[in-house]
Every structure is written in structure tokens, then in C-alpha cells.
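Let me begin by presenting the structure, written as C-alpha cells, before commenting on it.
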Amino acid sequence: MASHQSSHTQQQQEKVWAALDSFRIEIPSWAFANTGTRFGKFMQNAAATTIEEKFADAAQVHALTGVTPSLALHVLWDLPNGEGDVSLIQKLEQRYRIRSGSINPNLFQDQEYKYGSIANPSAEIRGKALTHLLASVEIGRQLGTRDISLWIPDGSNYPGTQSISRRIGWMEEMLSSTHSALGPDQRLLIEYKPFEPAFYHTDVADWGMALELARKAGPKAKVLVDTGHHLQGTNIEQIVTWLLHLDALGGFHFNDRKYADDDLTLGSIDPYQIFRIFYEILSADPKKTGEVAFMIDQSHNLKGKLEAMIQTVCTAQELYARAALIDSEKLASLQDSCQLVEAEECFRDAFWMDVRPIVRQWREQRGLPAQPLKALLESGYIEQITSARAARNAGKQSTYA
């Protein structure tokens, strides 16, 4: 009996370690800065105030977790001079041993975008948006990054005020032009969101719209799933499964929410949902999941920036490890014989498993701190950056970005 338990424990460890060895997740530059909610933000003395400080913080997270080698960049906030800032980013990559990740264009902040960007009735404004998208593609090409991660905030607030059908055509035209500019190793990831900032209609409101726009744009366009960009009760793992089936899933923006696009830390509200999503990925054909990008998209308005990021990464690792423990063969047999309770318990057993001891062992074997969050708090890094950045943060204004 003891020998059987020992063998089972060894098998669990091997499954978890194999899963963790393959797990990588990208972290966003804006999560380290003083970003906030749609109403404003609370300033933090330790928040990053420059792109170099964002790289430094990202390097700290990677040093403690070992699974965050890339930093997503926001063109307007991180490369305000466009291509002119590429050389600076390249120097920071070398200095901090963090590579640039997905390139995120900004189509929502300029005043000209009041009535839309690539779906704006004005051909001149659509042209400005396209110029920005093409510049973002070129920035990505020069940095050697794969993904252009595009959220289109366009829409309208009142019936009859915009032509939904004509706006579809304008978007198709702009995205096709953007796709044509992609390099051989680049992809265009199209994100969707049901509402906000628009409230009557959003031009890319769900995964079906994003999928059709991606198909129309070209073969290098895929769908990006943000876990906070869904209406209440949406079965996100079903969407994920369909996109995998169609070979159309490009990646994720992971976060958590209670009501809408709350950008709370992953797993803080519904860890079971993330577990279910991870299972669908782990149980799918590896040929269709190998290029799926895992990215975090969160805004830490109350929690400390680095603390929240390390907490998020560790939670993601633990949920991924749990999903890897599901006995897929047993589950398939129970599903096929319609043994409902037994199948659900087989599924839930893995979710309730405390994988933290196994994850800590994995970290120690790879020269990482067993408890990254504790290691951060004991390192003195938070005190160091708080002292260095407090004066600069004190002079910041309380706007969103």
C-alpha cells in the first residue's frame, strides 16, 4: 500500500514538473506603473516611472519565478517616440536580460478617436490609426517580437448614430492592410470586448466577430481572449475550445473580475475558471496549443505592483499544475459512460489538490526561491525602489494612464 502511494506521488510530481517546465507567461509593462481604474488611480511610491524601471521590475519577477522572460510593451506609453525608442529598448533588453514581448498599439487615448479609430467615419482618422498600427508592426519587427496585440475600443453609445455595417467594412480594410505589413514571423492578435468604452454597440464585441475579422485579415491573424472581456456567466473555456478546434486561438490576457473588466489579480475571484481553461489547453492537440501565448493584463490600483505580479504568476503556475494532474484517460472513460458524479469528482479532485509543496520542490530544483513572494518581501527590493521613486511619483497626476 505504501509502495503504491509512493508511486502515485512520484507520478504526480512528474506530471506537475513537466507542466511547469513548459509554462511561460508574459507580464505587462503597465502593471508596474501607476495605472488605475476608469475613475482614476491611487499613486504608489514604488511604481515604475520610466521604461527602464519597468524592465528592472520585470527582471525581478523573472529572477524570483523563472517563468516570465518577456515584457509586453505599450507603444504610446513605453515607446512615445515610436521607432526612435527601439534602440533604447534593445539596450534595456540586454541590461536586464528580459526580452520584449507583444507590442500593444494604442487606439483609444488620442482625442481624435472620440468616434472610433479604425472604424471612424473619417477616412483621415482611420488613416492616422492605420499609420500607428503599421508603426507598431515595424517596432515589433525591429525588436524581433512575434505578436501585435490589438484591442479595438471602437463603438457607439446610441442607436442610429453610426452605421454598424459600414464600420465592419472599414475595420476589414484597416486590418487587412496591417496584416499585409506583418513580417514572416509576426502575428496579429485581435481582442474582443462586449462593452466599454462604448455602451450601445462595440465594433468587436465577441469572439465570433474577432474570428471573422482575423479570417478576413489573413492567415497570420488570430483571436486574443481576455478573461475579463465577457458578459456575466459566459463559458470562456467553451470559447477557448472552439478557437483551438478552429486553430484560431492566438493567446490570452489573463486577469480576474467580479463584474466586468475589473483587471483583478488572476484567480482572486474565480480560480476554478482559470483551472478549467488550462485543462482545455492541456487536453487539446499540442499542434494547436504550441503557439498560444499566455499574457497577464492587470491593473494594480490597490495592491503593490510587484507583490501583485508575483502573486499572479505563482497562482497561474499552481492552477496550471492542478490542471495537469487531471487523469484524462479516466475522465474520458467516465464521460463516455455518462457517469456524471464520478466524472465531475475526477475533474474536481485535481482542482482541490494542494500542489504548492510540489511546485516549491520544482523551484528549489531549478535554483529558484521556494516562495517567490516571501523572497521578494525579504529582499529589500521594495524598500529600495520606494526610496528611489517616491519623489517622482509624488509629482504624478491622478489620471488613468
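Count residues from 1 along the sequence.
- Residues Thr145 and Arg99 have side chains not in contact (no heavy-atom distance under 4.5 Å, counting atoms from C-beta outward).
- Here Asp57 contributes atom CG and Leu306 contributes atom CG; the two are 4.5 Å apart, rounded to the nearest 0.5 Å.
- The cationic atom of Lys91 (NZ for Lys, CZ for Arg) does not lie both less than 6.0 Å from the six-membered ring centre of Tyr96 and within 45° of the ring axis.
- A salt bridge links Arg366 with Asp21: at least one charged nitrogen is closer than 4.0 Å to a carboxylate oxygen.
- Closest approach of Phe254 and Ile277 over heavy atoms only: CE2-CG2, 4.4 Å.
- In this structure the side chain of Ser283 reaches within 4.5 angstrom of the side chain of Glu280, judged on heavy atoms.
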Could you walk me through whether Gln361 and Gln365 pass side chain to side chain donor-acceptor pair (under 3.5 Å), step by step? CA-CA 6 Å; Gln361 291 172 358; Gln365 285 294 316; over 6 Å; no
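- The shortest heavy-atom contact between Thr289 and Ala284 is CG2-CB, 3.8 Å.
- Separation of atoms CD1 (Ile385) and CG (Asn45) is listed at 10.5 Å; rounding is to 0.5 Å.
- Applying the 6.0 Å contact sphere to CH2 of Trp17 captures more than 12 heavy atoms from other residues, nucleotides or ligands.
- A salt bridge (Lys or Arg N to Asp or Glu O under 4.0 Å) with Asp203 is found for one member of Lys193, Arg167, Arg166 and no other, namely Arg167.
- For the pair Gly251 and Val292, the tightest heavy-atom approach, listed with the atom from each and the gap, is CA-CG1, 4.0 Å.
- In this structure, the separation between OG on Ser136 and CG on Leu73 is 11.0 Å, given to the nearest 0.5 Å.
- In this model, no donor atom of one side chain and acceptor atom of the other lie less than 3.5 Å apart for Gln60 and His62.
- Side-chain contact between His253 and Val225 is absent, with no heavy atoms from C-beta onward closer than 4.5 Å.
- In this model, no donor atom of one side chain and acceptor atom of the other lie less than 3.5 Å apart for Ser122 and Glu124.
- Residue Arg356 qualifies as open at atom CZ: its count of foreign heavy atoms under 6.0 Å is 12 or below.
- Other residues, nucleotides and ligands contribute at most 12 non-hydrogen atoms within 6.0 Å of the CD atom of Gln238.
- The shortest non-hydrogen separation linking Ala181 to Leu134 is CB-CD2, 3.6 Å.
- Smallest separation of non-hydrogen atoms from Gln311 and Thr265: OE1-OG1, 4.1 Å.
- With salt bridges taken as basic N to acidic carboxylate O contacts below 4.0 Å, none links Asp154 and Arg126.
- Counting heavy atoms from C-beta outward, Glu26 and Ser102 have side chains that approach closer than 4.5 Å.
- At least one cation-pi condition fails for Arg276 and Phe278: the charged atom is not both under 6.0 angstrom from the six-membered ring centre and inside a 45 degree cone around its axis.
- A salt bridge is defined here as a Lys NZ or Arg NE, NH1 or NH2 lying under 4.0 Å from an Asp or Glu carboxylate O, and Asp147 with Lys222 fails to meet this definition.
- With hydrogens and angles left out, the side-chain atoms of Asp261 and His229 include a donor and acceptor closer than 3.5 Å.
- A donor-acceptor contact closer than 3.5 angstrom links the side chains of Gln317 and Arg363.
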Take Thr68 and Arg24, measure what side chain to side chain contact (heavy atoms under 4.5 Å, CB included) needs, and give me the verdict at the end. CA-CA 6 Å; Thr68 61; Arg24 296 292 182 273; over 6 Å; no
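- Residue Leu266 is tested with Asn255, Ile274, Ile296 for a side-chain contact (heavy atoms from CB on, under 4.5 Å); the sole match is Ile274.
- Taking 4.0 Å as the cut-off between side-chain N and carboxylate O, Arg95 and Glu52 count as a salt-bridged pair.
- The residues Arg141 and Glu83 are annotated as not salt-bridged, no charged nitrogen and carboxylate oxygen being separated by less than 4.0 angstrom.
- Residues Ile51 and Ile89 have side chains in contact (heavy-atom distance under 4.5 Å, counting atoms from C-beta outward).
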Go through it in stages, so that I can follow the logic: the residues are Met353 and Asp349, the test is side chain to side chain contact (heavy atoms under 4.5 Å, CB included), and I'd like the CA-CA distance, side-chain angles, deciding distance and then a yes or no. CA-CA 6 Å; Met353 174 77 177; Asp349 278 350; over 6 Å; no
After noting the C-alpha distance and the side-chain angles of Arg389 and Gln44, does the key distance pass the side chain to side chain donor-acceptor pair (under 3.5 Å) rule? CA-CA 9 Å; Arg389 303 171 185 176; Gln44 295 187 25; over 6 Å; no
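- No side-chain heavy atom of Arg187 sits less than 4.5 Å from a side-chain heavy atom of Ile148.
- By the 6.0 Å contact criterion, NZ on Lys303 is enclosed, its count of non-hydrogen atoms from other residues, nucleotides or ligands being greater than 12.
- Between Gln10 and Glu14, the side chains place a donor N or O and an acceptor N or O closer than 3.5 Å (distance only, hydrogens not considered).
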Could you go step by step and tell me if Met209 and Asp206 meet the side chain to side chain contact (heavy atoms under 4.5 Å, CB included) rule? CA-CA 6 Å; Met209 299 178 198; Asp206 62 30; 3.4 Å; yes
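- Residues Pro194 and His230 have side chains not in contact (no heavy-atom distance under 4.5 Å, counting atoms from C-beta outward).
- Few gaps surround CD on Gln232; more than 12 heavy atoms of other groups in view lie less than 6.0 Å from it.
- Gln335 contributes atom CD, which lies 10.0 Å from atom CG of Leu340 (distance to the nearest 0.5 angstrom).
- Contact detail for Gly267 and Thr315: the closest heavy-atom pair is CA-CG2, 4.3 Å.
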Please determine whether ring-ring contact (aromatic ring centres under 6.0 Å, His included) holds for the pair Tyr113 and Phe108, giving the CA-CA distance in whole Å, both sets of side-chain angles, and the decisive distance to 0.1 Å. CA-CA 6 Å; Tyr113 297 147; Phe108 59 85; 9.0 Å; no
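- Between Lys287 and Asp285, no side-chain nitrogen of the basic residue sits less than 4.0 Å from a carboxylate oxygen of the acidic one, so the salt-bridge criterion is not met.
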Mind running side chain to side chain donor-acceptor pair (under 3.5 Å) on Gln273 and Thr227 for me, showing each step along the way? CA-CA 9 Å; Gln273 179 184 78; Thr227 51; 5.4 Å; no
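- Open room surrounds OH on Tyr115; 12 or fewer heavy atoms of other groups in view lie less than 6.0 Å from it.
- Distance CD/Glu237 to CZ/Phe275: 10.5 Å, rounded to 0.5 Å.
- Atom SG of residue Cys346 and atom CD of residue Glu342 lie 10.5 Å apart, to the nearest 0.5 angstrom.
- In the model, Asn104 has no side-chain atom that pairs as donor or acceptor with a side-chain atom of Trp77 under 3.5 Å.
- For Asn393 and Asn34, the side-chain atoms include at least one donor-acceptor pair closer than 3.5 Å.
- Side chains of Ile139 and Val86 form a contact here, defined as non-hydrogen atoms less than 4.5 Å apart.
- In terms of modelled atom types and a separation under 3.5 Å, the side chain of Ser387 and the main chain of Gln384 share no donor-acceptor contact.
- The aromatic rings of Phe195 and Phe199 are tilted relative to each other, their planes meeting at an angle between 30° and 60°.
- Ring pair Phe23/Tyr320 is tilted by interplanar angle, where 30° to 60° counts as tilted.
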Start with the C-alpha distance between Asp78 and Ser29, add both sets of side-chain angles, then the distance that settles side chain to side chain donor-acceptor pair (under 3.5 Å), and finish with yes or no. CA-CA 8 Å; Asp78 297 328; Ser29 68; 2.4 Å; yes
